[in-house]
Every structure is written in structure tokens, then in C-alpha cells.
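Let me begin by presenting the structure, written as C-alpha cells, before commenting on it.
Worth saying up front: this structure is predicted, and the values here are computed from it rather than measured.
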Amino acid sequence: MDTIFALATAQGRAGVAVVRMSGPMAVPAVSGLCGDVPVTRGVRALRDAGGGLLDEALILHFPEGKSFTGESVVELQLHGSPAVVNAVLRCLGDNPALRQAEAGEFTRRALENGRLNLAEVEGLADLIDAETESQRKQAVRVFSGALGVLADSWRTRLIRAAALLEATIDFADEEVPVDVSPEVNDLLGQVRTEMTREAAGVRVAERVRDGFEVAIIGAPNVGKSTLLNRLAGRDVAITSEVAGTTRDVIEVQMDLDGLPVTLLDTAGVRDTDDIVEGLGVARAKERAERADFRIHLVMDPSEINRDLGPDDLVVQAKSDLGHGDGLAISGKTGAGIDALIECVRQRLQEKVGQIGIAMRERHRVAMVRAIGYLDDAVLALETPDAMTDLVAEDLRSAIRAVDSIVGRVDVEHVLDEIFSSFCIGK
């Protein structure tokens, strides 16, 4: 196994910079810089091959089996000067026993050495990328092993069900239950119900990770761009009395009560002979349809002549000009903006309430596949003279699908994609 090293903190000037090494030559390599490596931690002077002082660093030593990667790991906590960091990295790079780590390689070794399962690796990636409180909480839940615990629970019950069925096949003349169908059906029903609930919440969990989209749509000059600027707290969209000023979708990201939200200002929807504006209107309609829900900004509610989504909001614009029945706002004065934000927040919180633990499309696909095998098994058990060996095979297939969630089987094709999203040094 190669010994790898990398800067684990961000590039640039900082109070402290951390250089991490993992592998069998980590301790000897650091010993070459400072003479000896402390058993756990200690301050040492680092010197280059000519004896010149590089820095005084705090050295942390994690022995094999007790580190993040599961290998012998040494971390150097340096003064965060770019010059110091570059000098130390240069000395490490000159050591033929070491090589620069690839993106995500430390975490990949943690997976390969059994320190993390694949779901926990995904949770770690999301935790590193988290920008809002809801993203952090969701990532921590998965990184802490909650999805692995749930998958293990499903696996245990499915193995129990398969064992009951296989006992009737292999030991038909022994003292085993004559009819195991009631217990098997109960176990399969429990697992199927839990999987169905988890699979249904994946899309919302993905939106928490990637951000919800809320589109502001309406006729030209109704105040969409003014509203966007008010919500953003700055001028991000050009406002004008000229109809058709907005021709492309303008995006603004914001943190709404811990939830990541992207607001979309779209071109005013109207019939037009202007080719460029027409393209903008078409793009606005397409993007608005893909949003989680839409804010229909109107001068009069009777203007709504399209189907509303279940979460869509109808908001009367320009209340400062005397328009003001129902939910009414003024992008110019800010009147009604707090009420609008609260309505948006409530709708998003209702969606977030559907979230379980699973949070990626890969998880959902594995669960749907497992549910399909469970449905086949239940259907087969209900038929007269059910072929128990075929039902048991359906359960084994369901178990393999569950195992793929945490990376026990059939996930090699997704590893490179997952680890490529990590920074070098993690």
C-alpha cells in the first residue's frame, strides 16, 4: 500500500495549515523531518535535508486501526504561511516513499479499510459541501451511520425471513415450523413499508442538498424583478417600465430558515413577435415547470388562466398602488414581503417533513429494486403450492439490493464518481 500525503486545509494564508499522511511509511517520513514522531502528539522542529529549519509544528500520530483511514496516519499542523506549506510539501514530495494523494483518496481508504460504509462516505461529502443548517443536519445524520443502521435492520429481518423459508427446504423432515408464511409475510410487510416511506422522501432530501427552486412568474411589468431584488436585498435584476426587459432566467440563492432556496426571476409571459423575447418566454415556462413551486405575481387574481400546482402561491403585486386583497405585496416599499416569505417557508417546511434518512437517487433506486423483489416474494407466497426455493431467491436478491446501499456489493461503478467530488486531502 502506497503512503500518501496532501494538504488537508484550504490553499492560501491561514493561522494553521494541516498536512496529512497515511500509510506504512508515514512515521518514517516524518521522522526524517523531525528526528522522532511523538507517540500521540507533540511539538517538533521540522528540517529539510540540509538541516535548514522549515517550521515548528504540532505533530499528531494516529496508529494503525485508530485513524480515519484505518492506517498509520501522521498530521502536521503548520503555521499557515503559503511559503511554509510549500516548503514542507516540497520536502515530502522529494521522498520516494511518498506520493501525492488523489481527490478523496483518504476517504476511499477509510471505506476500503472498513472505517466507513458507502452511505457514510456520501454523508461526509455532503457535510463538507453543506452551506445551510438543514444541509448540515441531513448530512450529519447520514455520516453518523443512521442509514447504515436502518439498512442493517432491513437486512437482519430479510435474512430471518429467508432462513425460515430455507429451513423448510433443507430440513423438511426436521423440527421446523410447518407453515412459516405468517412470520415471513409480517417481516416482509414491515420492511416494505419502511422502504416505501424512505424512497418517497429521497427527492425532497435531494432538494435539501441541492437547493429548492421557487419560480416567480407573471405578465411583463408586473414587478417580478423588483420582487426578486427585494428578496435578495440587492439589485440583481434590471427593472424597467419597458415590457420584456427580463429575457433570461435570473437566479438568486438564499438561506431561508436553514433551507437552501434558489429564486428564479423569469421573463414576462406574453405573446410576442420578438424572437429573442419569445425564446426567453419559452425558457421561463420550461424552468418554472421544473421548479418546486411557483409564485404567480398578478395585478388581479382573475388573471390566472393556467392550472396551479398544489403548492403554488398567487400573490397580488404593487399593493402600494392600491391593489391589496388577499396575499398582496409591494416590491417597491417592501409591504407584505415578510408574509410572502413566511408562506414560502411554510411550504418548504411541509416538504421537508417528508424526509427520511436516505438522501440520494442511488439509495432510492436500490430500495425500489428491493421492493420489487419483496412484492414478487409476497405474491409467490400467496399462490397455492408456492415454490419456496424461488421465494427464497427473491429474498436473497432483495438483500443484495439493501447491501448495495451501504456498499457491501455492486457499487464499484459509482465509487469513482463519488470520490471525484472530494477535495484532495480528504
Report yes if the side chains of Ser22 and Thr3 come closer than 4.5 Å at any heavy-atom pair, otherwise no. no
Which distance, rounded to the nearest 0.5 Å, do you find between the CG of Leu78 and the OG1 of Thr9? 8.0 Å
Say you draw a straight line from CD1 of Ile295 to CG of Asp265; how long is it, rounded to the nearest 0.5 Å? 11.0 Å
Electrostatic pair Arg290-Glu213, nearest N-O below 4.0 angstrom: no
Intermediate values then yes/no, side-chain hydrogen bond (donor to acceptor under 3.5 Å, both in side chains), Gln346 and Glu350: CA-CA 6 Å; Gln346 288 178 0; Glu350 289 171 3; over 6 Å; no
Who pairs with Glu75 by salt bridge (charged side-chain N to carboxylate O under 4.0 Å, His left out), at least two apart in sequence or on another chain? Arg20
Minimum side-chain heavy-atom gap Leu118-Leu111 below 4.5 Å: yes
Check whether any side-chain heavy atom of Val74 sits under 4.5 Å from a side-chain heavy atom of Phe5, and report yes or no. no
Name each donor-acceptor pair under 3.5 Å that joins a side chain in residues 137-145 to protein atoms two or more places apart or in another chain, with its distance.
unit_1 : atom_1 : unit_2 : atom_2 : d
Gln138 : NE2    : Ala205 : O      : 3.0
Arg141 : NH2    : Gly356 : O      : 3.2
Ser144 : OG     : Val140 : O      : 3.0
Ser144 : OG     : Arg141 : O      : 2.9

Test item: Val191 and Val402 side chains (from C-beta on) under 4.5 Å apart, heavy atoms: no
Please tell me if the side chains of Lys351 and Arg207 come closer than 4.5 Å, counting only heavy atoms from C-beta onward. no
Strictly by modelled atom types, are Glu122 and His363 linked by a side-chain donor-acceptor pair under 3.5 Å? yes
Any side-chain heavy atom of Ile4 within less than 4.5 Å of one from Phe106? yes
Taking salt bridge (charged side-chain N to carboxylate O under 4.0 Å, His left out) as the test, write out the residues that go with Asp210, two or more places apart. none
All salt bridge (charged side-chain N to carboxylate O under 4.0 Å, His left out) counterparts of Glu131, not counting sequence neighbours: none
Quick one: salt bridge (charged side-chain N to carboxylate O under 4.0 Å, His left out) partners of Glu133, sequence neighbours excluded? Arg136
Residues pairing under salt bridge (charged side-chain N to carboxylate O under 4.0 Å, His left out) where one sits in residues 193-204, two or more places apart or in two chains, turn out to be Arg157-Glu194, Arg203-Asp292
Distance in Å, Leu228 CG paired with Glu251 CD, rounded so as to fall on 0.5 Å steps: 10.5 Å
Within this structure, what is the CD-CG distance for the pair Gln349 and Leu256, rounded to the nearest 0.5 Å? 8.0 Å
For Arg209, is there any backbone N or O sitting under 3.5 Å from a side-chain donor or acceptor partner on Gln135? yes
Salt bridge or not for Arg347 and Asp311, using N-O below 4.0 Å? no
Would you mind checking if Arg115 and Glu120 are paired as a salt bridge, meaning a charged N to carboxylate O distance below 4.0 Å? no
Are any non-hydrogen side-chain atoms of His79 and Val16 less than 4.5 angstrom apart? no
